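Can you read through this structure? Questions will come right after.
In what follows, chains are A, B, ... by sequence order, proteins preceding strands, each numbered from 1. Remember, predicted model here, so these are calculated numbers, not experimental data.
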Protein chains: 2
Amino acid sequence: MPSTGARSETEPRAHTGRRRNEATRHAVLTAAVRLLRDADHGPLTLPVIAAAAGVGKQTVYRWWSTPGEVLLEALAEQASAQVPTPDTGSLDGDLRVFLQSSLRGAADPATAPVLRGLVREAARDEQAAGLMRTFTATRRAALRRLLLRHADRFAPDVDVDLLVDQAYGLLWYRLLIGHAPLDDDTARRLAEGLVAAAVGGVAPPG
Amino acid sequence: MPSTGARSETEPRAHTGRRRNEATRHAVLTAAVRLLRDADHGPLTLPVIAAAAGVGKQTVYRWWSTPGEVLLEALAEQASAQVPTPDTGSLDGDLRVFLQSSLRGAADPATAPVLRGLVREAARDEQAAGLMRTFTATRRAALRRLLLRHADRFAPDVDVDLLVDQAYGLLWYRLLIGHAPLDDDTARRLAEGLVAAAVGGVAPPG
DNA sequence: CCTTTATCGAGACTCATTGTCTCGACAAGA
DNA sequence: TCTTGTCGAGACAATGAGTCTCGATAAAGG
């Protein structure tokens, strides 16, 4: 028995023993994202991640219990949640800049496979599905705020959520099916169409 | 050796032996769709399908080599490829009827899980992915034809494919994320918005 | 009626993979 | 130096996919 007999039960001890290896943790996270991107691999499992990271299986199982947990930490780490909030002064300009940025990001060869892999895992793992719901909800909220800044120009009963889902629906639909591009011209036309739908099919006076 | 010595080599024989059991074949197909719908099961594999159909594994492996093949035959069998082509005389009316029918079909509790399951399999199996590409391409073509019937009302440089993908993008996006409904009011508003985008943000004279 | 051919269900079998357990080595504090 | 906890590596059982074999059965022709 240690000499310090009295100890708080709620806080048993600060820490003893060898500390966690940050390099190993980072290797696991990057390996998980790399596997998600490569896509030629089958389902993302912890042994596969461990092998790709050059790490013992036990090390991975010690810190994470599912691949979804690894992805959650990895994608949160990459801080990719930053969404631009342009302010060009006009609804048309803000929307065009936002959509061009979003479509460009989604079509980027470095990130598109990661997004597709996220969908693949979300279809299989409930935890990954929750991660994806949070991810998309953040993006929708940003676009919703952008639109509501110009709500004074809208027709009386415009459904803002419908406009938001048309934009992100098109993004994910084309990203997953891959039948049509997600380029700047698409973003420009999409912005024009959404503005036309929002203002109610009537040309603005000014 | 049989008495009929002479026989064509290109056409060895019509058929001999026990014939294929149609009831068994049907049981396999319906079991596959049922498993796709239930979704609580893991990946769709041939042994799982065989067990669900109450059929020997060898019987399933004899006729199909992948779950994607089973799904292909099952969904083709159900003839769910029939897409309505309304003709109400007006762009607005045609579009509203078409979208209400499509959104209703996608949100139907009997079919929505099947569509989600199809996405799940498409994310895992390349054959199922091809099936889904064909499935969605058929739907896009139908909506595209509907829109082009009223192309005379469109603004000069309207991108019809963009309109189509806004509609189906919203459908799949809401179907998969599940954050907003796919009801008749959504279809009505979506039709209005697409018309406004198509005619170019200017109110029609008549 | 009998033979031939091919399907059917059932189960044994191999193989790959997941997740657990154990081990010796090592690092960081006490 | 001792204790504690992490590390990589590998053994291990459990699970499941895909292959193979078996006896039973059904459809045709002789």
Query - Selection: residues 124-131 of chain A, any non-hydrogen atom under 4.0 Å of DNA chain C - result: none

Taking N or O atoms only and anything under 3.5 Å, show me the protein contacts with nucleotides 13-15 of chain D, one pair per line.
none

Report task. Answer yes or no: is there a donor N or O on one side and an acceptor on the other, between the side chain of R96(A) and the main chain of R188(A), under 3.5 Å? Result -> no

Query raised in the report: In residues 55-73 of chain A, which ones come under 4.0 Å of DNA chain C, going by heavy atoms?
Result: K57(A), Q58(A), Y61(A)

**Report entry** Nucleotide dG8(D), atom P - distance to CZ of R25(A) in whole Å
**Finding:** 14 Å

Query raised in the report: Looking just at side-chain N and O atoms, do D165(B) and H179(A) make a donor-acceptor pair shorter than 3.5 Å?
Result: yes

Between N or O atoms, less than 3.5 Å apart, protein on one side and nucleotides 26-28 of chain D on the other: list the pairs.
residue	atom	partner	partner atom	Å
dA26(D)	O4'	R18(B)	NE	3.4
dA28(D)	OP1	R19(B)	NH1	3.1
dA28(D)	OP1	R19(B)	NH2	2.7

**Report entry** E121(B)/R124(B) ion pair, N-O < 4.0 Å
**Finding:** yes

Query raised in the report: Listed by chain and number, what are the ring pair (Phe, Tyr, Trp, His ring centres under 6.0 Å) partners of H26(A), not counting sequence neighbours?
Result: none

Report summary line: Atom CG of L44(A) and atom P of dT18(C) are separated, to the nearest Å, by 10 Å

Report task. Kindly point out which of dT18(C), dC7(D), dT7(C) is positioned nearest to the side chain of R20(B)? Result -> dT7(C)

Query - Which residue lies more 5' along DNA chain D, comparing L46(B) with T24(A) via nearest heavy atoms - result: T24(A)

Query - side chain to side chain donor-acceptor pair (under 3.5 Å) involving E73(A) - partner list, sequence neighbours excluded - result: R25(A), W64(A)

